[in-house]
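Following: one structure in structure tokens, then a few remarks.
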Amino acid sequence: MNNNKVRVRFAPSPTGGLHLGGVRTVLYNYLFARHHGGDFVLRIEDTDQSRFVAGAEEYIMQCLDWCGIQPDESPLKPGAYGPYRQSERKPMYAQYAHQLVEQGNAYIAFDTTEDLESMREQYKTEHHNAQYDGRTRAFMRNSLTLTKEEVDALLTSNTPHVIRIKMPQNETVVFTDMIRGEVSFDTNLVDDKVLLKADGMPTYHLAVVVDDYLMNISHAFRGEEWLPSAPVHLLLWKYLGWEAAMPQWAHLPLILKPDGNGKLSKRDGDRLGFPVFAMDWTDPRSMEQTTGFRERGFLPEAFTNMLAMLGWNSGMEQELFTMDELVQHFSIDRVHKAGAKFDYEKAKWFNQQYIQKTDNARLAELVQPFIADKNIAIQDEKLATVMGLVKERLHLLSEFWDQASFFFVRPETIDVTAIQAKWNDTTRQFFVLLAQKLGAAADWNHVAIEEVFNGAIAESGTKKGEAMLPLRVMLVGGKFGPGVFAIAEQIGKAETVGRIDAALKQL
RNA sequence: GCCGUGUUGGUCAAUCGGUUAAGACGCCUCCCUUUCACGGAGGAAUGACGGGUUCGACUCCCGUACAUGGUACCA
């Protein structure tokens with residue numbers, strides 16, 4: 001079944017927002033596929049009915065789209081290996097589970113939740129947590145302990161049951177992980193995982209093996225949290241007779257929270273003030289809203305570049321890579337083994353770098369959502385010009401309005417105390433004169449404005465250093481922003497004079 | 001507890017037995033800039049610990065510590 005074509009898959013569960021770690025897993029899958037000229041497929045793992053969240057699947061696809069990652073095959077773009085939602089593949093799994101039962105590699109178990117709880121209670125010791133394994137399965141109600149007649153009777157009376165893998169005794173499962181090298185497990189310490197649930201749905205363990213086989217997956221990347229269950233998957237490939245077609249595995253390191261320890265979670269983002277999801281997510285049940293990197297003002301290419309570098313590096317000094325360059329340089333063996341702590345400051349730096357090299361017209365377009373609530377009509381051209389003036393002080397698109405509002409509306413308040421430090425009769429006279437001269441100016445561009453300003457300085461006997469800051473504050477409201485004369489040029493003659501006059505009245 | 005995985009400055013990290021142990025973020029100083037930023041030049045800061053192996057270990061091996069993941073009819 002396995003030809004040599006590289007085929008990888010990203011297989012999320014539609015249970016909520018797509019967080020950083022998820023996006024990075026997609027990214028690495030995608031980069032690997034493109035690097036090797038292979039296929040990247042999106043498969044939805046919706047086998048847990050109870051955790052299914054409406055809209056999550058669409059949301060995930062929108063996130064990929066925003067990131068510039070297009071699957072070659074997905075529920076919306078079926079290829080030759082559909083369907084691409086596990087819920088729609090439900091009938092395919094049972095036959096394999098039953099095949100395993102017939103072969104003696106799996107068995108049927110009738111235990112209730114209460115049975116399992118009391119078993120765990122009864123057999124746990126100080127040193128071990130009890131699990132359903134080679135030892136305890138002998139005490140449970142399953143097709144290994146019941147007679148064939150009893151099992152048949154239970155089955156015909158529709159008694160709820162699951163199918164569990166029968167872990168072998170005293171074997172060592174060894175495999176080579178593309179990132180970690182050789183990894184081995186003692187089968188005595190792995191429990192008899194449920195393969196097929198009572199509702200007829202497969203668990204992840206069965207589904208991932210069956211689907212990866214049927215979809216001809218050649219390389220499988222997933223988070224490190226899956227490493228402990230790898231022996232179950234390995235054995236399944238073997239028992240199903242598919243060993244030769246088994247994909248190569250790579251268990252990606254985790255993304256950790258910046259402070260303290262542990263896996264990065266949505267709560268950490270809320271707590272420390274940064275996004276964790278790619279895009280805004282609203283939980284349909286609680287209506288709780290979580291902001292995403294997109295809505296926080298990240299450019300998608302900055303976001304993906306930053307994520308690519310979190311756990312991988314090219315070995316070169318270069319840190320800024322286009323998607324094409326990432327595809328070109330990506331290699332799975334340069335992925336780190338250890339988890340990486342997320343650093344929001346560095347993330348913002350990446351974004352700042354991308355803002356600097358993105359042209360003003362595109363930035364003007366991207367910033368629209370962030371000024372939509374200001375209720376001001378701004379021509380695209382002016383917005384782009386202003387963007388060019390302020391972009392070098394932006395780390396996030398969302399900071400635009402704070403840095404540029406004065407170009408479009410007169411500041412409601414100005415920092416009067418900043419002016420007062422330089423204020424006296426001479427400066428007052430200067431500004432009266434300046435307003436007059438500017439009002440009479442023939443040309444209106446920053447060079448001409450500065451000439452007028454210099455002329456007024458000479459005439460009034462003030463020093464330029466005494467007047468520059470006050471002028472800035474009058475126009476801007478505070479001590480920030482691009483060159484004053486460029487600002488004056490942009491806001492126009494009438495408004496410039498108007499702001500000076502208004503300030504004069506306050507001083 | 002048990003099992004797995006990991007450990008180079010505060011963070012991301014290069015190094016794949018021999019280096020003054022790169023670089024980036026952040027931080028500090030200075031320059032540029034009559035604001036803020038950009039930019040430029042400097043600076044502080046690193047191999048968890050203990051044993052081996054070796055002429056020589058950040059690099060290989062063992063142990064300890066610490067961290068992290070798993071230990072569900074969730075993925």
Side-chain angles (χ1 to χ4, degrees), chain A residues 11-15 45-48 50-51 109 111-113 116 120 124-133 160-164 177 179-180 183-186 188-191 193-205 207-208 222-231 251 253-254 256 258-263 306 309-320 334 336-350 352-353 356 390-395 403 415 418 422 463-473 476 478-484 487:
Chain A
S13 292
T15 52
E45 308 222 331
D46 54 350
T47 54
D48 186 355
S50 64
R51 292 214 311 162
D111 315 282
T112 63
T113 310
L116 294 172
R120 292 193 178 107
K124 76 172 182 198
T125 67
E126 285 174 64
H127 304 294
H128 286 280
N129 255 354
Q131 50 183 21
Y132 209 121
D133 60 13
H161 60 276
V162 302
I163 292 179
R164 311 185 85 108
D177 183 279
I179 295 171
R180 288 150 214 286
V183 186
S184 67
F185 300 87
D186 178 352
N188 294 340
L189 300 165
V190 181
D191 61 338
K193 290 264 182 273
V194 170
L195 265 20
L196 201 67
K197 299 187 260 192
D199 64 2
M201 277 293 203
T203 58
Y204 172 82
H205 307 293
V208 74
R222 52 167 31 164
E224 191 185 350
E225 68 269 26
W226 290 107
L227 202 44
S229 51
H251 290 88
L254 269 8
L256 278 10
D259 63 337
N261 307 302
K263 220 173 14 164
M306 174 275 291
M309 303 309 288
L310 205 56
W312 172 85
N313 79 85
S314 65
M316 309 184 297
E317 282 194 9
Q318 182 181 349
E319 286 192 282
L320 266 18
R334 289 199 69 89
H336 252 248
K337 293 183 176 74
K341 287 186 181 175
F342 175 66
D343 181 357
Y344 189 50
E345 291 305 316
K346 183 87 186 221
K348 285 197 290 191
W349 175 81
F350 272 103
Q352 186 256 117
Q353 293 294 306
Q356 301 328 309
V390 303
K391 72 177 184 182
E392 67 190 22
R393 58 214 84 202
L394 299 183
H395 284 80
Q403 288 294 331
D415 184 353
K422 308 258 183 193
K463 288 195 193 107
K464 202 172 176 181
E466 297 298 301
M468 287 292 279
L469 185 71
L471 176 60
R472 163 175 301 283
V473 175
V476 170
K479 296 192 276 186
F480 63 97
V484 245
I487 293 171

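No experiment lies behind these values; they were computed from the predicted model shown. Protein chains get the first letters and strands the later ones, always in sequence-line order, with residue 1 at the start of each.
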Quick one: which of B:G26, B:A37, B:U71 gets closest to the side chain of A:Glu392? B:A37
Using a heavy-atom cut-off of under 4.0 Å over every strand shown, decide if A:Thr47 touches base, sugar-phosphate, or nothing. sugar-phosphate
For the side chain of A:Leu469, starting at C-beta, report the closest nucleotide among B:A75, B:C25, B:U35. B:U35
Pairing residues for A:Glu45 by the side-chain hydrogen bond (donor to acceptor under 3.5 Å, both in side chains) criterion, not counting sequence neighbours: A:Arg43, A:Gln86
Options B:G69, B:G26, B:U35, nucleotide nearest the side-chain atoms of A:Lys263: B:G69
Between A:Ser229 and A:Glu317, just flag the one whose closest nucleotide in RNA chain B comes earlier from the 5' side. A:Glu317
Answer yes if the side chains of A:His251 and A:Arg180 hold a donor-acceptor pair under 3.5 Å, and no otherwise. no
Do A:Lys348 and A:Glu345 meet the salt-bridge criterion of a basic N to acidic O distance under 4.0 Å? yes
So does A:Lys479 get a side-chain nitrogen or oxygen closer than 4.0 Å to the phosphate oxygens (OP1/OP2) of B:U34? no
Provide, to the nearest angstrom, the distance between the CD atom belonging to A:Glu45 and the P atom belonging to B:C73. 18 Å
NZ/NE/NH1/NH2 to OD/OE distance under 4.0 Å, A:Glu319 and A:Lys346: yes
Taking only the P atom of each, what is the distance from B:C30 to B:G70 in whole angstrom? 49 Å
Regarding A:Lys348, tell me which of base, sugar-phosphate or nothing describes its non-hydrogen contacts under 4.0 Å with the strands shown. nothing
Residue met sooner reading RNA chain B from 5', once A:Lys464 and A:Ser50 are mapped to nucleotides: A:Lys464
So, does A:Arg51 get its side chain near the phosphate of B:A75, meaning an N or O under 4.0 Å from OP1 or OP2? no
What form does the base of B:C38 take, syn (within 90° of 0) or anti? syn
Is A:Lys193 paired with A:Asp191 through a side-chain N to carboxylate O contact shorter than 4.0 Å? yes
Contact class for A:Asp46 vs. all strands (heavy atom < 4.0 Å): base, sugar-phosphate, or nothing? nothing
Hey, is A:Asp48 close enough to A:Arg51 for a salt bridge, meaning N to O under 4.0 Å? yes
For A:Arg120, answer base if it contacts any base atom (sugar-phosphate contacts may also be present), sugar-phosphate if it contacts only those atoms, and nothing otherwise; contact means non-hydrogen atoms under 4.0 Å. sugar-phosphate
Dot-bracket encoding per residue of RNA chain B, Watson-Crick/G-U cut-off under 3.5 Å, | denoting interstrand: (((((((..(((.....[....))).(((((.......)))))....(((((..]....))))))))))))....
Letter by letter from the 5' end, nucleotides 1-12 of chain B scores (B base, S sugar-phosphate only, - none; protein heavy atoms under 4.0 Å) BSSBSSS---SS
For A:Lys464, is the NZ atom crowded, meaning more than 12 foreign heavy atoms sit under 6.0 Å from it? yes
Check every strand shown and say whether A:Gly483 touches a base, only sugar-phosphate, or nothing at a heavy-atom separation below 4.0 Å. base
